[in-house]
Amino acid sequence: MNHYETVFILNPVLSEEQIKETVKKYEDFLVSKGAKMIAKEDWGLKKLAYPIQNKKSGFYHLFEYQVAGEVIEPLELEFRRDERFMRYLTVKLDKHAIAWAKKRRERNNQKA
């Protein structure tokens, strides 16, 4: 089981309900493939550095999870097929990145 982090940007024209439905769908997809969800973060609507699909903003979300490496390719294939996704990035975390992510989660929990 490898440790991964996926950040994705959803289309800004989606309603709050559609966003929740989309996030839940992909969380369920990962769990059905044997993933252990460590953290989910909703970063909200953010301005993009450059237009993507003629949009200047998007809803950012982050998943941190542990799963076998062969699950990443089908997950990204689903992202490419879904028109609600504007961009995504999946990164395999090393021990230093895992420690940093843990510190970030703790810092965010203190703020909340």
Side-chain angles (χ1 to χ4, degrees):
M1 296 269 276
N2 296 319
H3 206 110
Y4 292 97
E5 202 172 68
T6 299
V7 176
F8 53 90
I9 307 172
L10 296 173
N11 199 318
V13 299
L14 298 174
S15 70
E16 190 71 33
E17 186 176 309
Q18 289 171 317
I19 291 167
K20 287 180 182 176
E21 175 187 308
T22 304
V23 170
K24 179 79 172 127
K25 174 184 174 184
Y26 288 95
E27 181 183 1
D28 292 345
F29 176 85
L30 283 168
V31 171
S32 73
K33 300 288 186 182
K36 177 185 170 208
M37 295 300 288
I38 295 168
K40 287 188 320 183
E41 295 179 20
D42 176 3
W43 294 348
L45 184 67
K46 301 239 182 236
K47 188 174 183 304
L48 302 173
Y50 56 89
I52 301 173
Q53 301 171 1
N54 293 322
K55 308 283 189 299
K56 295 183 181 188
S57 60
F59 290 102
Y60 280 69
H61 285 270
L62 174 128
F63 284 168
E64 187 181 336
Y65 52 95
Q66 287 181 322
V67 72
E70 56 269 4
V71 174
I72 300 303
E73 190 174 335
L75 173 67
E76 291 187 346
L77 179 63
E78 290 297 318
F79 285 166
R80 284 192 293 272
R81 288 179 176 165
D82 195 334
E83 70 226 10
R84 297 173 285 196
F85 284 82
M86 294 168 52
R87 289 282 192 278
Y88 62 88
L89 178 66
T90 301
V91 178
K92 181 178 173 185
L93 303 179
D94 63 4
K95 65 181 181 181
H96 304 292
I98 293 169
W100 184 86
K102 184 177 179 184
K103 283 183 191 174
R104 187 190 74 234
R105 278 195 312 274
E106 290 169 356
R107 188 175 60 240
N108 288 344
N109 287 342
Q110 288 174 353
K111 288 181 184 177

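Treat the numbers as computed from the prediction; the structure is a model and nothing was measured.
Side-chain contact between R105 and I38 is present, with heavy atoms from C-beta onward closer than 4.5 Å. Using a 4.5 Å heavy-atom cutoff, the side chains of L10 and F85 are in contact. At least one side-chain heavy atom of L48 sits less than 4.5 Å from a side-chain heavy atom of Y60. Using a 4.5 Å heavy-atom threshold, the side chains of Y26 and T6 count as separate. Counting heavy atoms from C-beta on, the side chains of L62 and R104 come closer than 4.5 Å. For the pair Q18/R84, no side-chain contact is recorded, criterion being any heavy-atom separation below 4.5 Å from C-beta on.
Distance check: M37 CE to E64 CD gives 9.0 Å after rounding to the nearest 0.5 Å. Remark: Q66 CD to L30 CG distance equals 12.5 Å, nearest 0.5 Å. For the atom pair OG of S57 and CE of M86, the computed distance is 7.0 Å after rounding to the nearest 0.5 Å. Remark: E5 CD to E41 CD distance equals 8.0 Å, nearest 0.5 Å. Atom-to-atom distance recorded for K20:NZ and E27:CD is 13.5 Å, nearest 0.5 angstrom. In this structure, L45 CG and I9 CD1 are separated by 11.0 Å, a value rounded to the nearest 0.5 Å.
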Could you check K95 against H3 for side-chain contact (heavy atoms from CB on, under 4.5 Å), going step by step and ending with a plain yes or no? CA-CA 9 Å; K95 65 181 181 181; H3 206 110; over 6 Å; no
Y65 and L75: CA distance, side-chain angles, deciding distance, side-chain contact (heavy atoms from CB on, under 4.5 Å) verdict: CA-CA 13 Å; Y65 52 95; L75 173 67; 3.6 Å; yes
Intermediate values then yes/no, side-chain contact (heavy atoms from CB on, under 4.5 Å), I72 and K92: CA-CA 10 Å; I72 300 303; K92 181 178 173 185; over 6 Å; no
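One hydrophobic cluster, built from ILVMFWY side chains closer than 4.5 Å, holds both V23 and L14. Linking Ile, Leu, Val, Met, Phe, Trp and Tyr whenever their side-chain heavy atoms come within less than 4.5 Å leaves M1 and V71 in two separate clusters. The hydrophobic cluster containing V7 does not contain Y4, counting ILVMFWY residues as joined when their side-chain heavy atoms lie under 4.5 angstrom apart, directly or transitively. Hydrophobic clustering of Ile, Leu, Val, Met, Phe, Trp and Tyr side chains at less than 4.5 Å, counting indirect connections, unites L89 with I98.
Under a 4.0 Å N-O distance rule, the pair E106/K103 does not qualify as a salt bridge.
Counting non-hydrogen atoms of other residues, nucleotides and ligands closer than 6.0 Å to CD of E83 gives a total of 12 or fewer. The environment of K55 atom NZ is dense: over 12 non-hydrogen atoms of other residues, nucleotides or ligands sit within 6.0 angstrom.
Taking the six-membered ring where tryptophan is involved, the planes of F8 and H61 are essentially parallel, since the angle between them stays under 30° and well short of 60°.
What you find for G34 and V67 is that their closest heavy atoms are C-CG2, 4.3 Å.
Residues satisfying the ring-ring contact (aromatic ring centres under 6.0 Å, His included) criterion with Y88, sequence neighbours excluded, are F79.
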